[in-house]
Amino acid sequence: MFNEIDIDSIDLSLPAPEEEPNRQYYYMKLLKKLVKEKYYDKGKTPLVYNLVVGCQMNAKDSEKILGILLQCGFVETDAEDGADLVVYNTCTIRENANLKVYGRLGYLNSLKRVNPDMLIAMAGCMMQEKHVVDTIKKKYRFVDVVFGTHNIYKVAELLCERLTTGNMVIDILEDTKQIVENLPAQLKFPFKCGVNIMYGCNNFCTFCIVPYVRGREKSRNVDDIIKEIEMHVADGVVEVMLLGQNVNSYGNDLKENHISFADLIRRVNEIEGLKRIRFMTSHPKDLSDDLIQAMKECDKVCKYLHLPLQSGSSAMLKRMNRHYTKEQYLTLVDKLRAAMPDITLSTDIIVGFPGETEEDFLETMDVVEKVRYDSAFTFIYSKRTGTPAASFEDQVPMRIVKDRFDRLLNRIQTIAAEKTGVLVGRCEEVLVEELNDHIDGYVTGRLDNNTLVHFPGTADLIGKIVNVKLNEAKGFYYLGECVK
Ligand code: SAH
Ligand code: SF4
Ligand code: F3S
């Protein structure tokens, strides 16, 4: 894959090729040259700060952006202050994600006044919204480069354009059918990573902005996915998370080599050296019996499923365009537990969707009582411009929403704490992820079912799977000790 490509041998006296990814290799070489002249030749090391917010998709995109920039000579730093290039990979799923970005842009402006040479690149979901780009053009003229979700692979080309023309560069595509493969990525952890299996979303849940900012579903070719995972495994990765907004519809858009998501995980399960497989996100409407069977029979697939509920009221689910009822959702949970009695379940729930009555809310509480999730992410409904629900008339007053939100959170936390207790006394495999930042001499890792475990250990354990006796449950994590 990318490692096989030698960008230094590219001839910059020729015009840039049209086809991808060769065009990007050309611009990576050009940016490397510009970076050398601007920084290294003057005795400076160019620092890049990369802020990533939002979901796993954005985290993966940031790994790709950073991978390209490091190839071009930038070195990563963990602070905006002192950085030569700042990249914000934005999220717009809820309004507060969006507002935070404007706040931080104000801060960047103050840094740029001190260091006018600082480059600022804005990327990601928020940039796919026209009103955002218009605001940046009008009020944040100090931003250098703006690009969206469909062309992150072009970061080197866009920076070259900025450096050679001196103009603000804005490059936003509404959507694309193109998937550009074989570019570098800088993994956050050397032992686990996300792998995109598809991009975009076709579901148009009425509250959600994602289909507007990520375009239509595009599945990657199965051989490309397998090849990428094999390459990561050769580099030391033991856990992969297969990524898509709705992984259960993987492959539906592929004309050739069509395989289902269930068959894809069967293929991934055969990869030698890989230890754990996770995936995100599963839409309940497309969760097939075959997928449950595949999860059960594939030894590397973690017995953990994130199954967003959104609401327990069938009437709300209909207005949300989710295509399942409360009963269908509960039946799915029964099927999952019948096949895998120890499966851990997590979910996403929205409180205060337009028209939600107390009775609707109690339906959600009822599902929470019945399913007893191991963990749940709860959100206050946020109106997103351009989505159907934004124009629904019966928005719920914030006072009522907050009260419901608190009641829900309370129950979820109590149940989660009760559920975490069940493994106390057992010896389980833990993938060690990092040194514990609170207790000296401890490391932190995750069980197959995604629960955190802290136990005494040293840095050499990071990236390894070890057996840990779970001594004590503390709310949503365990304290344990390593056993040989
Ligand atoms: N594709 C995933 C969800 C991605 S967004 C799925 O279908 O499950 C992650 C979560 O953000 C959603 O599950 C939903 O609970 C929440 N969310 C999305 N839009 C929202 C909005 N407008 N207000 C509040 N929460 C929202
Ligand atoms: Fe949003 Fe629904 Fe698509 Fe998930 S499935 S990304 S919630 S539109
Ligand atoms: Fe946010 Fe975009 Fe993900 S809006 S949740 S970063 S797909």
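Keep in mind that what you see is a predicted model, and the values were worked out from it rather than measured.
Rounded to the nearest 0.5 Å, atoms CZ (F191) and NE2 (H232) are 14.0 Å apart. How far CG of L105 is from CD1 of I136: 6.0 Å, rounded to the nearest 0.5 Å. Going from atom CG of D144 over to atom CG of N167 covers 10.5 Å, rounded to the nearest 0.5 Å. Taking CG from L158 and SG from C160, the interatomic distance works out to 9.0 Å, rounded to the nearest 0.5 Å. Atom CG of residue N450 and atom CZ of residue F476 lie 12.5 Å apart, to the nearest 0.5 angstrom. Interatomic distance, F261 CZ to F279 CZ, rounded to the nearest 0.5 Å: 4.5 Å.
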Test log, rule salt bridge (Lys or Arg N to Asp or Glu O under 4.0 Å), inputs D448 and R278: CA-CA 9 Å; D448 171 295; R278 300 186 188 279; 5.6 Å; no
Salt bridge (Lys or Arg N to Asp or Glu O under 4.0 Å) assessment of R446 paired with E239: CA-CA 11 Å; R446 278 178 198 276; E239 177 179 308; over 6 Å; no
Candidate pair E37 and K33, rule salt bridge (Lys or Arg N to Asp or Glu O under 4.0 Å), full reasoning: CA-CA 6 Å; E37 289 163 6; K33 177 170 168 276; 3.6 Å; yes
CA sep, side-chain torsions, deciding dist, call: H306, F377, side chain to side chain contact (heavy atoms under 4.5 Å, CB included): CA-CA 10 Å; H306 183 66; F377 301 91; 3.8 Å; yes
Verdict with supporting geometry, R104 and E80, salt bridge (Lys or Arg N to Asp or Glu O under 4.0 Å): CA-CA 10 Å; R104 287 185 87 120; E80 284 120 314; 2.9 Å; yes
Steps toward side chain to side chain donor-acceptor pair (under 3.5 Å) verdict (Y40, T45): CA-CA 6 Å; Y40 287 99; T45 302; 5.2 Å; no
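For D263 and R266, the salt-bridge test passes: some basic side-chain N is under 4.0 Å from an acidic carboxylate O. Using a 4.0 Å cut-off between a side-chain N of Lys or Arg and a carboxylate O of Asp or Glu, D253 and R220 do not qualify as a salt bridge. Ionic pairing of K60 and E63 is present here: one or more N-O contacts between side-chain nitrogen and carboxylate oxygen are shorter than 4.0 angstrom. Taking 4.0 Å as the cut-off between side-chain N and carboxylate O, D117 and K112 do not count as a salt-bridged pair. Ionic pairing of D134 and K138 is not present here: no N-O contact between side-chain nitrogen and carboxylate oxygen is shorter than 4.0 angstrom.
Contact annotation: the side chain of L119 approaches that of L163 to within less than 4.5 Å [non-hydrogen atoms, C-beta and beyond]. Side-chain contact between V401 and Y381 is absent, with no heavy-atom pair separated by less than 4.5 Å. Side-chain contact between F147 and M127: absent, with no pair of heavy atoms (C-beta onward) separated by less than 4.5 Å. With a 4.5 Å cut-off on side-chain heavy atoms, R322 and K285 do not count as touching. Annotation: side chain of R384 is in contact with side chain of T92 (closest heavy-atom distance under 4.5 Å). A heavy-atom distance below 4.5 Å is not found between the side chains of Y373 and T344. Proximity of D224 to I179: side-chain heavy atoms (C-beta onward) are nowhere separated by under 4.5 Å. You'll find the side chain of K64 stays beyond 4.5 Å of the side chain of Q186, heavy atoms only.
Across V86 and Y88, no two heavy atoms sit closer than the pair CG1-CE1, 3.7 Å. The two residues D360 and S313 make their nearest non-hydrogen contact at OD1-OG, 2.8 Å. Contact between P211 and C208 at its shortest, heavy atoms only, is CD-O, 3.7 Å. When all heavy atoms are compared, the tightest approach of N115 to A83 is ND2-O, 3.9 Å. V53 and N58 get closest at one heavy-atom pair: O-ND2, 3.0 Å. Closest approach of A156 and I68 over heavy atoms only: CB-CG2, 3.9 Å.
The cationic atom of K192 (NZ for Lys, CZ for Arg) lies less than 6.0 Å from the six-membered ring centre of F189 and within 45° of the ring axis.
Side chains of E217 and S249: a donor-acceptor N/O pair is present below 3.5 angstrom, by distance only. Between the side chains of S346 and D374, not a single donor N or O lies within less than 3.5 Å of an accepting N or O. Inspection of the Q178 and E20 side chains reveals no N or O donor paired with an N or O acceptor under 3.5 Å. Between the side chains of N248 and S282, at least one donor-acceptor pair of N or O atoms lies under 3.5 Å. A donor atom on one side chain and an acceptor atom on the other are not found under 3.5 Å apart for E95 and N98.
Taking the six-membered ring for Trp and thresholds of 30 and 60 degrees, Y102 and Y140 have nearly parallel ring planes, at less than 30 degrees apart.
With K300 contributing its side chain and I271 its backbone, the two residues share a donor-acceptor pair below 3.5 Å. A donor-acceptor pair is defined here as one N or O able to donate and one able to accept, closer than 3.5 Å; such a pair exists between the side chain of D6 and the backbone of D8. At distances below 3.5 Å, not a single donor-acceptor pair connects side-chain atoms of Y199 with backbone N or O atoms of S219.
Among residues at least two apart or in separate chains, salt bridge (charged side-chain N to carboxylate O under 4.0 Å, His left out) pairs with a member in residues 165-175 are K154-D171, D175-K218.
The side chain to side chain contact (heavy atoms under 4.5 Å, CB included) with Y324 is formed by just one residue from the set L317, L287, D286; it is L317.
The six-membered or imidazole ring of F405 lies away from that of F379, with a centre-to-centre distance of 6.0 Å or more.
For Q245, the side chain to side chain contact (heavy atoms under 4.5 Å, CB included) partners two or more places apart in sequence, or in a different chain, are C55, M57, C201, V210. Checked against ring pair (Phe, Tyr, Trp, His ring centres under 6.0 Å), Y442 has no partners two or more places apart in sequence or in another chain. The ring pair (Phe, Tyr, Trp, His ring centres under 6.0 Å) test applied to F207 returns no partner, not counting sequence neighbours. Every side chain to side chain contact (heavy atoms under 4.5 Å, CB included) that F392 has, sequence neighbours left out, goes to T206, R319, F353, P354, P388, A389, D394, Q395. With sequence neighbours left out, D11 forms a salt bridge (charged side-chain N to carboxylate O under 4.0 Å, His left out) with no residue at all.
The environment of D440 atom CG is sparse: at most 12 non-hydrogen atoms of other residues, nucleotides or ligands sit within 6.0 angstrom. The number of heavy atoms from other shown groups lying within 6.0 Å of CD (E393) does not exceed 12. By the 6.0 Å contact criterion, CG on D437 is enclosed, its count of non-hydrogen atoms from other residues, nucleotides or ligands being greater than 12.
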